[in-house]
Amino acid sequence: MKQKKSLIIEEKILEFCKIQKRKCVEISIFLNMNQNTVRAQYLYKMRKAGKLERLKGSYYKTIA
């Protein structure tokens with residue numbers, strides 16, 4: 001169950017960052033989650049997996 005929820009949240013992040021680059025704060029507001037939680041549990045892992053890239057100025061963008 002928890003794994004399914006994580007995948008759903010990852011898909012939301014990818015879709016949100018697809019059109020334009022977003023800051024962690026914007027992503028956390030969109031998901032209604034704590035900024036540190038989003039960064040630690042999702043953004044770092046997604047960057048490592050090659051799903052997101054971090055741009056200059058702490059922006060995140062989906063890798064096409």
Side-chain angles (χ1 to χ4, degrees):
M1 183 72 176
K2 187 175 181 182
Q3 188 176 9
K4 187 175 181 180
K5 184 179 176 186
S6 291
L7 291 174
I8 291 169
I9 292 173
E10 283 185 18
E11 287 299 319
K12 286 182 180 182
I13 292 171
L14 291 173
E15 192 62 37
F16 189 61
C17 297
K18 194 175 198 174
I19 297 169
Q20 101 183 47
K21 60 186 180 177
R22 306 284 185 168
K23 283 194 170 256
C24 180
V25 177
E26 295 173 305
I27 297 168
S28 66
I29 291 170
F30 172 72
L31 296 172
N32 195 27
M33 294 176 73
N34 182 292
Q35 179 179 348
N36 294 324
T37 303
V38 171
R39 186 183 304 120
Q41 291 188 3
Y42 299 101
L43 298 182
Y44 288 152
K45 292 175 185 175
M46 291 172 74
R47 279 185 54 211
K48 198 170 191 175
K51 296 178 182 180
L52 283 179
E53 72 176 313
R54 187 169 180 201
L55 306 171
K56 188 176 180 182
S58 299
Y59 286 96
Y60 292 90
K61 182 130 174 86
T62 300
I63 296 177

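Everything numeric here is computed off the predicted structure, so don't read it as measured data.
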Enquirer: Between atom CD1 of I63 and atom NZ of K61, what is the distance when rounded to the nearest 0.5 Å?
Expert: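 Reported to 0.5 Å precision, the distance equals 11.0 Å.
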Enquirer: Answer yes if L31 and L43 sit in the same cluster of Ile, Leu, Val, Met, Phe, Trp and Tyr residues linked by side chain heavy atoms under 4.5 Å apart, and no otherwise.
Expert: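 Yes, L31 and L43 fall within the same hydrophobic cluster.
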Enquirer: State whether the number of non-hydrogen atoms from other residues, nucleotides or ligands found under 6.0 Å of I19 atom CD1 is greater than 12.
Expert: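 Check fails, neighbour count at 12 or below.
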Enquirer: Give every donor-acceptor pair under 3.5 Å between a side-chain atom in residues 44-54 and any protein atom, sequence neighbours left out.
Expert:
unit_1, atom_1, unit_2, atom_2, d
K51, NZ, E10, OE1, 2.9
R54, NH2, S58, OG, 2.8

Enquirer: Can you check whether S6 reaches Y42 side chain to side chain, under 4.5 Å on heavy atoms?
Expert: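 Touching, per the 4.5 Å side-chain cut-off.
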Enquirer: For residues 13-26, which residue pairs pass the salt bridge (Lys or Arg N to Asp or Glu O under 4.0 Å) check, not counting sequence neighbours?
Expert: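 Residue pairs passing salt bridge (Lys or Arg N to Asp or Glu O under 4.0 Å), neighbours aside: none found.
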Enquirer: Should F30 and L14 be counted in the same cluster of Ile, Leu, Val, Met, Phe, Trp and Tyr side chains packed under 4.5 Å apart?
Expert: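 Yes, same cluster.
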Enquirer: Which distance, rounded to the nearest 0.5 Å, do you find between the CD1 of I9 and the CE of M33?
Expert: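 I9 atom CD1 to M33 atom CE measures 4.5 Å (nearest 0.5 Å).
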